[in-house]
Amino acid sequence: SQTIHQWPATLVQPVGSPLSLECTVEGTSNPNLYWYRQAAGRGLQLLFYSIGIDQISSEVPQNLSASRPQDRQFILSSKKLLLSDSGFYLCAWTSGQGVEAFFGQGTRLTVV
Amino acid sequence: QKEVEQNSGPLSVPEGAIASLNCTYSDRGSQSFFWYRQYSGKSPELIMSIYSNGDKEDGRFTAQLNKASQYVSLLIRDSQPSDSATYLCAVMTPSGYSTLTFGKGTMLLVSP
């Protein structure tokens, strides 16, 4: 069966510090991968999606970047965090187009 | 711009009652529809998917889709306190690379 791992679960970082969140999927090959952010009281905002290695599209221009160095690994990064980057970050995968997405456990990021 | 609208709630129902959650979407080309349940502080988990007009039942859950009215709903029969959560409606439109657009969710409270 397929599983998705995301870490860390919680993170407190100072403003201006770098960020690296990692997500890996097991039990499938060539998944579509997604990074979402959920701010307090707001809906899920799609940040990045990837259909393959080094094929990444950005939905919202901002202080974040994403990379996919391996087929089942997706990384969200920032060089300098802003207070507005605080939120609940979720990695998700799908097996193709038009099918359901499955989420990792999420990372609660607080920028102080 | 793709939009998915949900009443934020909270929707309060007594234990054993039927909870009805509604969702409308703006993109008439949408073809895949999903309901997710999200407990506080946790990641969304898939409850139902529906792709064609009509009803789809799974245990206590029934999803209803009306593409002409651009409307999708979720009925929860015999509601339990453990059903108390935020329910997210998600819609996928197959234009370019398909991505899910989420509503902001409806909070459901089931009182014992």
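Chain letters run A, B, ... following the sequence lines, proteins first and then strands; every chain starts at 1. Values below: every heavy atom of this structure, side chains too, minus hydrogens, waters and symmetry copies. This is a predicted model, so every value here is computed, not measured.
B:Ile50 and B:Leu75 are assigned to two separate hydrophobic clusters, defined by single-linkage of ILVMFWY side chains at heavy-atom distances under 4.5 Å. If you chain together hydrophobic residues whose side chains sit under 4.5 Å apart, A:Ile75 and A:Tyr34 never meet in one group. A continuous path of hydrophobic side-chain contacts links B:Val13 to B:Phe61 [ILVMFWY only; heavy atoms under 4.5 Å]. At a threshold of 4.5 Å between side-chain heavy atoms, the hydrophobic network of Ile, Leu, Val, Met, Phe, Trp and Tyr places B:Leu65 and B:Trp35 in one connected group.
Note that the CZ atom of A:Phe103 and the OH atom of B:Tyr36 stand 5.5 Å from one another [nearest 0.5 Å].
The shortest non-hydrogen separation linking A:Val99 to B:Met92 is O-CE, 3.7 Å. When all heavy atoms are compared, the tightest approach of B:Gln38 to A:Phe88 is NE2-CE2, 4.0 Å. Scanning all heavy atoms of the two residues, the minimum distance from A:Tyr36 to B:Leu100 falls at OH-O, 3.4 Å.
The number of heavy atoms from other shown groups lying within 6.0 Å of NZ (B:Lys67) is above 12.
B:Ser43 places a side-chain N or O within donor-acceptor distance of the main-chain N or O of A:Gly104, the cut-off being under 3.5 Å.
Contact of A:Gln38 with chain B is made through the side chain alone, with heavy-atom distances under 4.5 Å.
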